[in-house]
Amino acid sequence: MPETAATAARRVLQVGPLKPSLADTLRSTYDAFALPVDAEERETFLAEHGREVGAVVTSGRTGVDAALMERLPNLRAVVNFGVGYDTTDIPAAVARGVAVSNTPDVLTDCVADTAVGLTIDVLRRFSAADRYVRAGRWPVEGNFPLTRQISHKKVGVIGLGRIGSAIATRLTAFGCPISYHNRRPVVDSPYTYVDSPLELARRVDVLIIAAAGGDRTRNLVDRNVIDAIGPDGYLVNIARGSVVDEEALVDALTAGRLAGAGLDVFADEPRVPDALLAMDNVVLLPHVGSGTLETRAAMEELTLRNLESFLRTGELVTPVPEVKVPAAAR
Ligand code: 8YV
């Protein structure tokens, strides 16, 4: 009998840590397995149960690589908590007819707020000024040094998707002229298109990265782009650490070839290069872009809607664009 959504493996598997309430629901409502962390236990689990798994629920921090897909031969859906799905092997999913969903839209506002917050913080040096007060330096050393104004700064956005556009809208209200780089110009965009990250970096005071991670954007912001931002310029990254050559970024900051950086994401999270920890002109956040109660609840709800819909109908609610597997192929 050909495999259909009705006859397919139905077991749900949690891969990697998830929001505790989501993990609880998976266990209690969906009788889900959780993939063991220990290598030996994982091996035993996959040998015993791998064929039963029809859907994985994971997050952008863990994902499903090609090797794990191989061990889940009846996998038909990867339901991803998070908008970014660069940790899931998309070509392997396409080749295997595995559908993938993410959680777009519901986190756009919070991630854009974070980008603006980081931009203000790194230019106005609020976190550094806070440290100055706490260290008791104000009464001893006097006024905190002057900082940089944010209003009217020229801002460049790499990746004018949903989040990039929400950042641009916010910063337009600050009087910032916005230009952007995408693979292609956005039709009817009110912002100025620039056809390379290098040229964009040359033109702006603040370069904000909002592009998706993955192979296509790896080190898109390389040494040359960082140098083009220049010693009076700032870099803000709320996307993925992989989009920036982190070593080049550290070098530029160390040598004073870049004024400062606001970073919510890093190349090897949760590790942050030691050199950055010692700098006062960087703001470092532990990947909290979407991390509010409201947004994480909305992400959880959308994740569960995708799972429920997939189990009932074989269709995902918010499939990612690259992997729209027609129902007939599943
Ligand atoms: C989350 C994110 O921190 O959505 C994304 O791509 O990076 C963040 O919203 C992450 O997905 C949670 O695991």
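Read the numbers this way: they start at 1 and go in the same order the structure lists the ligands and their atoms.
- Sorted by chain and number, the heavy-atom contacts of ligand 1 below 4.0 Å come from S59, G60, R61, F81, G82, V83, G84, L107, R240, H287, S290, R296, M299.
- The backbone N or O of A267 lies less than 3.5 Å from a partner atom in the side chain of E246, making a donor-acceptor pair.
- Proximity of a side-chain donor or acceptor of R10 to a complementary backbone N or O of L311 within less than 3.5 Å is detected.
- Members clustered with Y132: V133, W138, F144, by chain and number, using a 4.5 Å side-chain heavy-atom cutoff among hydrophobic residues.
- Qualifying ring-ring contact (aromatic ring centres under 6.0 Å, His included) partners for Y191, counting only residues two or more places apart in sequence or in other chains: none.
- With salt bridges taken as basic N to acidic carboxylate O contacts below 4.0 Å, one links D130 and R134.
- Residue pairs meeting the ring-ring contact (aromatic ring centres under 6.0 Å, His included) criterion with at least one partner in residues 163-189, sequence neighbours excluded, are Y180-Y193.
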